[in-house]
Amino acid sequence: MRRALTYRLALLASILSFVAFAFYVHFVQQEVVALYEQSVDLDVYVKRLAELIDFALMVAFVLMLALFITLLRFIASRDREHLSYRQNHRLFLENRFFFEHATVGFLVCDAEYRIVRVNETVVRMLGTDQGELIGAEPHTLFVDSVAFAQWSQQAQGGRERFLMHQKGRAPLWVEVSGVRMHEQDGVWDRGVLWSVVDVSDEMHNRNVVEALNRELQESVIFLRSMINIAPVPIYVKDEQLRYRECNAAFLNLLELKKGEVIGRRVDEIHRSEIAESINRADLMMRFEPYQHYIERFNFKSKQLFLEFHKVAINHEKQFKGIVGVIIDVTHHETREIYLQQRVEEEMMQKSALEQKHMEERLYDAKFAAIGKLAAGITHEINTPLTYIKGNAEMLALEMDDIENSAVRSGVERCHRQILEGVMRIENIVASMREVASSSNEAKVRLNLFETLMTALVMGYNRIKHIVGVKIQDQLFTPSIARNLCVIEVNAQRQRLEQVWIIIINNALDVLEQRGAFDTNRLELTCSALNGRVTVRFKDNGGGIDEKMFAHLFDPFVSGKTHGGIGIGLNIAQRIIHEHEGTIRAYNEEDGAVFEVSLPLA
């Protein structure tokens, strides 16, 4: 702007100089006429005239040069202004494109603090249109309009987060920052440019993290409280096998203070022979998920028998430490050793015949108890079962009076389901009778695979919450064809289905306690070879305790920690033996396997 004013003044000066030059020429003319009229000497006249002309030419040259320089500078200035205009126009287009298509929302306010322009990002963010926003005051867009108005007057380019209204939706968390727009010399205010960034996901994630942190802190406090009130010694070690936490019972056992334990290794607390034994077992926890053993220690002039239970802490297959529980079994182990010695002495005095008679009497007593139990159960169940069956038959007679309709179809379907349920109960009651006596039900030629499918369908409501069952390498669903595999045997259908239900339910009981749905496995396979069919049930529930194998199929023997009276597998074995088959169990990898072998038809 100053440069343009300078060019205008220079042009005006040039014009004034030409006017002055014109007056000067007129003055020279008057001077020449005056000298001529005075009839001065010719030499003086010519000399004076030459002086005037020389001066005039010099002045004219200076004026022409000044005018030429001014014109050149004016032309150059116009070119620069034109170039600056094109650059500014391009910059304007770039800024407008960035403003309209930026992922960040922008609001432009005028000097009266009203919205004069918004980009599409703000419009999409608020679910409205530009017409509703233009002319509005920016603080009306926010839930806490007062807080935003106060902050915006003091902000000076800072950032703050507010809840912003959305049309027809819940408020949105945004981060707002603003800058005041001035002239280049900062003389007067032209308004404010606000940037609006959607941070709802970040706020949600932060809230989730804060909630999880609070929950974690509460869990840590709860666990520490539980550990401290536990009557048995409990400790926690890190990946370097240093003690990180322990309870009062642990400190009492070691007769130490907490400051003497936390942060130290076992070899820094106990003497070498004790430390070496404990450290050796701890090092094995890098490769074992669980340890259970009893060890004898000579600790401070007394002999202790300590039972250790340890669980490895693993994260993403990396060893992170150990949680251990110690039980003082000194009194129990001392008595156990004494009793074991006494038992060995007594056993040496007994003959093989007496031992056999003792076992026979034991089995007779067990089967007598089973007979009484079966008789009582069947008697109690038969009474309501007869009532249900009689009413179901009366319902069948009443259905004849119902016209054919959707209601009748539904009643008939319910009636069939009731009868099927009654038949199932009758089969279970009959199985209870088998504890004391065998059944004479007729055997028929049937497809063994269909009986497996029936057992899985009956238990599907429970199966679908515990494990994805695979049968013949296919994931089981009730829609699998029952003739997918055809292996015919001579058997009593309901009795065979009962065996499968017993084995499947035992596996589900273990898997329900041991793991999650995604990690549980239960696989069923059927294979025929050399005139026999083998049905194999394999799970990953941790296997069967080795101590139970010898009596696994005995009545009243159960490995369940809750429920069950221990007669399921005994019934299954009796049914399989009646079908001239065999049933056996063993551990394989990380679970148990039950194999049933039957002759082919």
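All figures in this text were calculated on a predicted structure; none of them were measured in a lab.
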Query raised in the report: How long is the span from the OG1 atom in T582 to the CG atom in L598, to the nearest 0.5 Å?
Result: 7.5 Å
Query - Pairwise side-chain contact, F449 with Q472, heavy-atom cut-off 4.5 Å (strictly under) - result: yes
Query raised in the report: Are R495 and E578 within salt-bridge range, i.e. N to O under 4.0 Å?
Result: yes
Query raised in the report: Do other residues, nucleotides or ligands put more than 12 heavy atoms under 6.0 Å from the CG atom of D473?
Result: no
Query raised in the report: CD/Q494 to OG1/T454 distance, rounded to the nearest 0.5 angstrom?
Result: 9.0 Å
**Report entry** Any side-chain heavy-atom pair of N506 and L569 under 4.5 Å
**Finding:** yes
Query raised in the report: With sequence neighbours left out, what residues match T477 under side-chain hydrogen bond (donor to acceptor under 3.5 Å, both in side chains)?
Result: S479
Query raised in the report: Do the non-hydrogen side-chain atoms of L452 and C526 ever get within less than 4.5 Å of each other?
Result: yes
Query - Any side-chain heavy-atom pair of I234 and F250 under 4.5 Å - result: no
Query raised in the report: What's the verdict on side-chain contact (heavy atoms from CB on, under 4.5 Å) for T534 and V596, showing C-alpha distance, side-chain angles and the deciding distance?
Result: CA-CA 6 Å; T534 300; V596 176; over 6 Å; no
Report task. Kindly write out the residues that satisfy salt bridge (Lys or Arg N to Asp or Glu O under 4.0 Å) with R296, not counting sequence neighbours, or none if the list is empty. Result -> none
Query raised in the report: Taking only residues two or more places apart in sequence, or in another chain, which ones meet E588 in a salt bridge (Lys or Arg N to Asp or Glu O under 4.0 Å)?
Result: R536
Query - Flag if over 12 foreign heavy atoms under 6.0 Å of NE2, H315 - result: no
Requested in this report: For N247 and P233, indicate whether the former's side chain and the latter's backbone hold a donor-acceptor pair under 3.5 Å.
Outcome: no
Report summary line: So OH of Y235 and SG of C246: to nearest 0.5 Å the spacing works out to 11.5 Å
Report task. Go through I322 and V236 one step at a time and tell me if the side-chain contact (heavy atoms from CB on, under 4.5 Å) criterion holds. Result -> CA-CA 6 Å; I322 300 171; V236 180; over 6 Å; no
Report summary line: Taken in chain and number order and not counting sequence neighbours, the residues that satisfy side-chain hydrogen bond (donor to acceptor under 3.5 Å, both in side chains) with R521 are D590
Query raised in the report: Is there a side-chain contact between D267 and N279 (heavy atoms, below 4.5 Å)?
Result: no
**Report entry** Sequence-distant partners of E276, side-chain hydrogen bond (donor to acceptor under 3.5 Å, both in side chains), two or more places apart
**Finding:** none
Query raised in the report: After noting the C-alpha distance and the side-chain angles of N520 and E512, does the key distance pass the side-chain contact (heavy atoms from CB on, under 4.5 Å) rule?
Result: CA-CA 9 Å; N520 287 341; E512 190 176 25; over 6 Å; no
Report summary line: Here the ring-ring contact (aromatic ring centres under 6.0 Å, His included) pairs for residues 469-506, sequence neighbours left out, are Y460-F476, W500-F537
Query - Qualifying residues under side-chain hydrogen bond (donor to acceptor under 3.5 Å, both in side chains), relative to R584, sequence neighbours excluded - result: E595
Requested in this report: Take atom CD of E580 as the centre, draw a 6.0 Å sphere, and report whether it contains more than 12 heavy atoms from other residues, nucleotides or ligands.
Outcome: no
**Report entry** K258 bridged to E245 by N-O distance under 4.0 Å
**Finding:** yes
Report summary line: For R532 and G581 the tightest heavy-atom approach is NH2-CA, 3.7 Å
Report task. Could you tell me the separation between the CD1 atom of I327 and the CD1 atom of I294, rounded to the nearest 0.5 Å? Result -> 9.0 Å
Requested in this report: Let me see the working for R462 and D509 under salt bridge (charged side-chain N to carboxylate O under 4.0 Å, His left out), right down to the final yes or no.
Outcome: CA-CA 10 Å; R462 186 184 181 199; D509 290 339; 2.4 Å; yes
Query raised in the report: Given E239 and R286, is the salt bridge (charged side-chain N to carboxylate O under 4.0 Å, His left out) satisfied, shown in steps?
Result: CA-CA 9 Å; E239 61 270 24; R286 297 180 181 273; over 6 Å; no
Report task. Go through the steps to decide whether E307 and H309 satisfy the test side-chain hydrogen bond (donor to acceptor under 3.5 Å, both in side chains), and finish with yes or no. Result -> CA-CA 7 Å; E307 182 178 1; H309 296 264; 3.0 Å; yes
Requested in this report: Take I583 and I503 through the test side-chain contact (heavy atoms from CB on, under 4.5 Å) and record every step on the way to the result.
Outcome: CA-CA 11 Å; I583 180 171; I503 297 175; 4.1 Å; yes
Query raised in the report: Got V593 and N587 here, is their nearest side-chain heavy-atom distance under 4.5 Å?
Result: no
Query - Heavy atoms from other residues, nucleotides or ligands near OH of Y293 exceed 12 (cutoff 6.0 Å) - result: yes
Query raised in the report: So, does R265 use its side chain to make a donor-acceptor pair with the main chain of Q240 at under 3.5 Å?
Result: yes
Report summary line: Applying salt bridge (Lys or Arg N to Asp or Glu O under 4.0 Å) to D238 and not counting sequence neighbours gives R244
Query raised in the report: Which residue pairs satisfy the ring-ring contact (aromatic ring centres under 6.0 Å, His included) criterion with at least one member in residues 570-601, sequence neighbours excluded?
Result: none
Report task. Could you check if a side-chain atom of N490 sits within less than 4.5 angstrom of a side-chain atom of V444, using non-hydrogen atoms only? Result -> no
Query raised in the report: Given E215 and Q217, is the side-chain hydrogen bond (donor to acceptor under 3.5 Å, both in side chains) satisfied, shown in steps?
Result: CA-CA 5 Å; E215 185 177 350; Q217 292 297 327; over 6 Å; no
Report summary line: Closest non-hydrogen atoms of D539 and A507, given as atom of the first, atom of the second and distance, are OD2-CB, 3.9 Å
Requested in this report: Would you give the length of the straight line joining atom CG of L251 to atom CD1 of I262, rounded to the nearest 0.5 angstrom?
Outcome: 7.5 Å
Query raised in the report: How far apart are the closest heavy atoms of V486 and N447, and which atoms are they?
Result: CA-OD1, 3.5 Å
**Report entry** Rounded distance (nearest 0.5 Å) linking atom CG of L511 with atom CD1 of I504
**Finding:** 11.5 Å
Query raised in the report: Any side-chain heavy atom of F319 within less than 4.5 Å of one from I313?
Result: no
Report summary line: Across all chains, not counting sequence neighbours, the side-chain contact (heavy atoms from CB on, under 4.5 Å) partners of R206 are R161, M203, E210
Query raised in the report: Does E288 come within less than 4.0 Å of K310, counting only side-chain N to carboxylate O?
Result: no
Query - With sequence neighbours excluded, residues passing ring pair (Phe, Tyr, Trp, His ring centres under 6.0 Å) with Y290 - result: none
**Report entry** For I269 against V261, the heavy-atom pair lying closest together
**Finding:** CD1-CA, 4.0 Å
Query raised in the report: Just by distance, do the side chain of Q474 and the backbone of I471 share a donor-acceptor pair under 3.5 Å?
Result: no
Query raised in the report: Which residues pass the salt bridge (Lys or Arg N to Asp or Glu O under 4.0 Å) test with E450, sequence neighbours left out?
Result: R493
